[in-house]
Number of protein chains: 2
Amino acid sequence: MTQHTLDASSITRGDGLVDKAYKVIRDAILSRRLAPGSRLSVPEFARQLDISRSPVREAIARIEYEGLAESTSHRGAVVVQIGLDELISIYDLREVLEGLAARLATRAADTTVIDDLEQNWQAHHDAVESGDVERHMELDAAFHGHIRDAAGNLRLSDNLRQLQGQIRIAMTTTVARRGGMDAALAEHRTLIDAIRGGDPAVAENVARDHITRLRESLHDAALADHHHIDERHET
Amino acid sequence: MTQHTLDASSITRGDGLVDKAYKVIRDAILSRRLAPGSRLSVPEFARQLDISRSPVREAIARIEYEGLAESTSHRGAVVVQIGLDELISIYDLREVLEGLAARLATRAADTTVIDDLEQNWQAHHDAVESGDVERHMELDAAFHGHIRDAAGNLRLSDNLRQLQGQIRIAMTTTVARRGGMDAALAEHRTLIDAIRGGDPAVAENVARDHITRLRESLHDAALADHHHIDERHET
DNA sequence: CGATTACATATTGCATGTAATTTTATCGCC
DNA sequence: GGCGATAAAATTACATGCAATATGTAATCG
């Protein structure tokens with residue numbers, strides 16, 4: 001294999017090679033240049049990035065730990081494949097974590113947080129109106145990012161970020177990402193109002209309902225997808 | 001330093017050295033032979049375990065990912081010190097995760113799960129009656145372990161296990177572990193009944209209340225501790 | 001005498017060597 | 001042509017080498 005899947009341009013030899021290898025590989029996975037099932041070869045990446053195998057090995061270990069890859073003894077690591085059932089259990093987790101984030105964010109909410117969310121919502125509104133799916137995804141992630149930052153619980157943030165990465169991988173594997181944009185927008189509106197309202201318990205429930213609905217729509221989409229495949233098979 | 005803090009007896013040279021080093025070091029931390037603040041020296045551990053530095057380095061990285069140690073560039077890793085505020089935020093997380101575990105366990109609960117919990121409760125009851133704090137801690141952990149196993153969500157289990165490790169470290173750093181044994185026992189009773197009752201939402205709330213009360217008692221204990229110290233200073 | 005600098009020592013971070021194991025390629029055979 | 005055994009190549013897991021950096025200590029200076 002002579003074609004490079006990793007972008008070595010951002011690597012500067014000399015300091016923090018593990019971090020840099022980690023970012024490059026992670027980016028390759030999340031952008032699907034490394035699809036689920038792809039092998040993460042230590043010597044291959046070391047060649048591509050023009051660094052030694054040690055930092056690459058460490059970077060891959062980190063990726064594994066984040067749940068983006070899994071390895072078996074003496075056979076190396078591959079990008080994880082996340083099925084629908086696993087995706088559901090990820091959303092089970094996400095539901096309670098986003099709920100907690102909303103609750104804590106409501107406790108801590110000052111005007112800047114609310115402003116950030118309002119700004120996000122406006123941009124999100126425009127994106128949805130013009131049917132820009134990519135930007136919708138981006139702003140949706142940013143919305144939840146604001147809330148978890150406002151929550152001020154580092155472990156919570158890490159866990160949510162980790163789930164987000166796995167969700168991104170699963171999305172390609174199983175279900176399409178379009179659809180439900182309007183609903184998401186409306187639910188974000190409700191959540192912003194709840195946070196402004198100042199009752200942590202209410203905000204938590206609104207956030208949880210939001211994620212629950214995402215999970216359900218995911219389930220439906222997967223069923224539809226399945227049905228679609230069945231139909232094609234029947235042809 | 002010639003005294004060994006790690007127990008190398010369980011290491012067999014030849015396969016899976018990273019896992020073995022990881023377990024030994026983790027055990028040393030959780031058993032407090034390596035107190036918070038202790039340095040985790042790669043060459044020192046390699047000497048003690050009589051293996052090379054590579055697997056030791058990897059094992060320590062894993063310990064870091066788990067939140068049991070933290071490292072700064074070119075200065076190596078030290079066992080984390082977890083203050084009261086951080087412990088509180090750990091319990092915030094734990095609250096919603098144990099709630100989720102109880103909810104999922106209730107969905108999945110068969111007679112064996114309930115039986116396990118009942119058996120645990122009996123043993124726990126005996127331990128509390130005889131004032132055995134160590135055994136109380138052990139059975140308390142086992143109780144929650146049964147529930148999260150029954151929940152059948154791997155990521156959830158990992159997250160809870162990780163928090164449990166950090167809680168163990170924090171307990172020494174900040175607050176005593178005795179106290180609240182009777183309350184814990186009573187609340188476990190309520191939770192078992194809720195799981196048997198079969199309503200997932202109820203079980204979730206009971207579990208969350210249980211953890212919330214633990215967090216609050218923790219807070220109180222810390223305050224009392226603080227007060228105690230102040231009084232001694234006044235003498 | 002305390003603070004600062006220079007040096008010695010130890011450790012981290014990365015590079016590379018090597019045996020064991022797995023994967024891939026080659027071959028003979030049906 | 002397809003299939004199984006064998007050999008070659010590549011990869012993993014671990015060991016070790018080495019330069020850069022940090023820590024501790026002694027010498028120097030104000």
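A quick note: this is a predicted structure, and the numbers were derived from the prediction, not measured. Protein chains get the first letters and strands the later ones, always in sequence-line order, with residue 1 at the start of each. Side chains included, hydrogens not; waters and symmetry mates left out as well; all remaining heavy atoms used.
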Extract from the structure each pairing of a protein N or O with an N or O of nucleotides 21-24 of chain C at less than 3.5 Å, listing the distance.
{"from": "dT23(C)", "atom 1": "OP1", "to": "Arg75(A)", "atom 2": "NE", "distance (Å)": "3.4"}

From CG of Asp19(A) across to P of dT12(C) the rounded distance in Å is 17 Å
Should the ring pair Tyr65(A) and Tyr65(B) be called parallel, tilted or perpendicular, given that the plane angle runs from 0 to 90° and is split at 30 and 60? tilted
Under a plain distance cut-off of 3.5 Å, with no hydrogens placed, do Asp140(A) and His188(A) share a side-chain donor-acceptor pair? yes
Verify the contact: side-chain N or O of Ser52(A) to OP1 or OP2 of dC14(C), cut-off strictly under 4.0 Å; return yes or no. no
CZ/Arg33(B): more than 12 non-hydrogen atoms of other groups inside 6.0 Å: yes
Give a yes/no answer on whether the side chain of Arg47(A) brings an N or O atom under 4.0 Å of OP1 or OP2 in dT11(D). yes
Length of the CG-P vector between Leu40(B) and dG13(C), whole Å: 12 Å
Using a 6.0 Å cut-off, check whether atom CG of Leu30(B) has over 12 heavy atoms from anything other than its own residue. yes
note: Glu44(B), atom CD; dT9(C), atom C1'; distance rounded to Å ~ 15 Å
Should Arg94(A) and Leu214(A) count as side-chain neighbours, where that means a heavy-atom distance under 4.5 Å? yes
I want to check something: taking the side chain as every heavy atom from C-beta on, are Leu97(A) and Leu97(B) in contact at a cut-off of under 4.5 Å? yes
Within a 6.0 Å radius of atom CZ on Arg161(A), are there more than 12 heavy atoms belonging to other residues, nucleotides or ligands? yes
What's the CG-C1' distance between Leu17(A) and dT16(C), to the nearest Å? 15 Å
Could you tell me the separation between the CG atom of Asp50(B) and the C1' atom of dT16(D), rounded to a whole number of Å? 14 Å
Got a minute to check which stems DNA chain D is part of, using Watson-Crick or G-U wobble pairs under 3.5 Å, three or more consecutive? C:1-30 with D:1-30
Measure from NZ on Lys20(A) to P on dC14(C) and round the result to the nearest Å. 10 Å
Any residue of residues 53-60 of chain A with a heavy atom less than 4.0 Å from an atom of DNA chain C: Arg53(A), Ser54(A), Pro55(A)
Will you find, in the side chains of Gln162(B) and Arg155(A), an N or O donor that is under 3.5 Å from an N or O acceptor? no
